[in-house]
Amino acid sequence: MNSPEPQVETLVDLDAIAHNVRILIRHAGEAAVMVVVKADGYNHGAAEVAKAALAAGAREIGVTTVAEAVALRQAGITAPILCWLNTSDVDYANAVAHDIEIAVSSVAHLEAVAAAARATGRTAIVTLKVDTGLNRNGASPTEYPQVLDLLKQLVEAGTVRFRAIFSHLALADEPQHPANDMQRARFLEYVATAKEYGLEPELVHLANSAAALTRPDLAFDMVRPGIAVYGLSPVPEISDFGLRPAMTFRARVVLVKRVAAGEGVSYGHEWVAERDTTVALVPAGYADGVLRPLSGRIDIGLRGKRYPNVGRVCMDQLVVDLGENPDDIREGDHAVLFGGNEGDPHPQEWADLLGTIHYEVVCSPHGRTVRTHIGGAA
Ligand SMILES: *Cc1c(COP(=O)(O)O)cnc(C)c1O
């Protein structure tokens, strides 16, 4: 009761998630939308995001591991859940017991899933992951016939239900790149080969966010967006598609004080005040996800305006130059590190400064950061 607001927090707006899902549904046309909530929903909270997305019309959920999938079932999600990145010795029995759809990329994976089905006395739901050119996960063309042989036996024995075939694109963020067409062609070959074995998938899917928004010809039966659900454009140079960033990363000012001209600020004195000034101390540092290479390069949002971070970002804190503090910033005010509101620093700005992508930026807040969901049914 009456506990103070967290000093450093992420606010995740479930209304923004719902808005973004509706945009994806419009782009998907006839195809269903599977919302990808791996890595704890790209650090937005997997269960909360999944529920908001399903309420907005998404049909299925995608994650990487069995543990992520089972946690969503335990959180009360009854929609289909697919997981696609597990070693053969994972607890597949737990997945089968929870009706989790399991993607297999090899004979070894499929044998392990079959053993789990026999052990639990339940039918396992299997999806084939095929490698169409990303050369990462997925069955390769050389191993594919053995996988199909085994799958056919297991389907005939009633050990597994064959749900889908899917693959993942390598250059979807370059929508016109010929690799996308090559992967599409190879994908169709894999599907045709399965049919030659008498294996008819219930559905096939290929598109991530970038393809879902730019390549309707790759939608097939379902699209699998991740980043766009969270409101970040996979192709920012093309469009923002009306998406709304769902995450705000912010901290509360702990101290406002004057610093005299000629004084150095923060470790190493890399910034020296040229004039008497006012600074605000923000209790968020690299231990919370404000990466140190951002030192002295980012702006912080305070009362709707942007002020520069000065000096090094430390483990727990950073300093902001307020000048003569015209807006009367005070202890307790919210300092926005990045967010989705008009005027907020955008995760893309951090990505540009860091030479990375906004996916990594929204995955950064951690440590003392407290996550709170707003909007939706939160
Ligand atoms: C992460 C992932 C997605 C979602 O990708 P986005 O670029 O975030 O839309 C889709 N499919 C697979 C297999 C993935 O690993």
Side-chain angles (χ1 to χ4, degrees), residues 17 20-21 23-25 27-28 31-44 46 49-50 53 58-66 68-69 72 80-86 100-105 109 126-139 163-175 177 179-180 183-184 186-187 190 203-216 218-241 243 245-247 347-348 351 356-363:
I17 298 285
N20 300 329
V21 167
I23 288 175
L24 287 157
I25 288 171
H27 278 84
V33 173
M34 166 184 277
V35 165
V36 178
V37 299
K38 63 192 183 191
D40 200 12
Y42 294 42
N43 204 25
H44 291 66
V49 169
R59 299 259 282 281
E60 308 205 9
I61 300 297
V63 293
T64 50
T65 65
V66 167
E68 289 177 309
L72 291 175
I81 302 174
L82 170 67
C83 64
W84 55 67
L85 190 66
N86 297 283
I100 305 298
E101 188 178 326
I102 303 163
V104 298
S105 292
H109 293 158
V126 167
T127 281
L128 283 181
K129 177 141 207 202
V130 295
D131 189 350
T132 52
L134 181 57
N135 287 302
R136 205 177 63 175
N137 201 3
R163 178 97 203 287
I165 301 179
F166 84 114
S167 190
H168 196 40
L169 297 166
L171 287 122
D173 55 349
E174 295 178 44
H177 196 287
N180 294 307
Q183 287 197 260
R184 178 179 192 275
R186 289 182 178 176
F187 186 59
Y190 276 103
L203 72 166
V204 302
H205 46 101
L206 180 62
N208 60 1
S209 294
L213 291 165
T214 64
R215 290 286 305 254
L218 302 180
F220 294 100
D221 302 309
M222 188 161 74
V223 295
R224 290 190 319 274
I227 198 70
V229 172
Y230 306 96
L232 298 171
S233 172
V235 282
E237 64 292 346
I238 296 177
S239 173
D240 68 9
F241 303 96
L243 299 166
M247 180 187 286
Q348 184 65 44
T356 185
I357 52 178
H358 49 40
Y359 293 68
E360 189 176 3
V361 171
V362 292
C363 284

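Both counts, for ligands and for their atoms, begin at 1 and track the order of listing.
Among all non-hydrogen protein atoms, the one lying nearest atom 9 (O) of ligand 1 is S209 OG, 2.5 Å. Protein heavy atom nearest atom 10 (C) of ligand 1, with residue, atom name and distance: R224 O, 3.3 Å. Given atom 7 (O) of ligand 1, the protein heavy atom at minimum distance is Y359 OH, 2.6 Å. Of all protein heavy atoms, the one closest to atom 8 (O) of ligand 1 is Y42 OH, 2.5 Å. Nearest non-hydrogen protein atom to atom 2 (C) of ligand 1 is K38 NZ, 2.6 Å.
Near K129, meaning under 4.0 Å from any of its heavy atoms, are these atoms of ligand 1: 13 (C). Short contacts between ligand 1 and I227, defined as distances under 4.0 Å to a heavy atom of the residue, involve ligand atoms 6 (P), 8 (O), 9 (O). The contact set between ligand 1 and P225, taken as ligand atoms under 4.0 Å from a residue heavy atom, comprises 9 (O).
V229 pairs in a side-chain contact (heavy atoms from CB on, under 4.5 Å) with only one of the listed residues (V33, I23, V37, V35), which is V35. The side-chain contact (heavy atoms from CB on, under 4.5 Å) test with F166 singles out one residue from L128, L82, T132, D221, and that residue is L82.
Q183 contributes a side-chain N or O that, together with a main-chain N or O of H168, makes up a donor-acceptor pair within less than 3.5 Å. Put simply, the side chain of N137 never gets that close to the backbone of L85: no donor and acceptor are under 3.5 Å apart. Remark: side-chain polar atoms of R215 are paired, donor with acceptor, to backbone N or O of P175 under 3.5 angstrom.
In this structure, W84 and V36 have side chains that are in contact, with non-hydrogen atoms separated by less than 4.5 Å.
Looking at ligand 1, you won't find any N or O of V36 less than 3.5 Å from one of its N or O atoms.
When all heavy atoms are compared, the tightest approach of A31 to A219 is CB-O, 3.9 Å.
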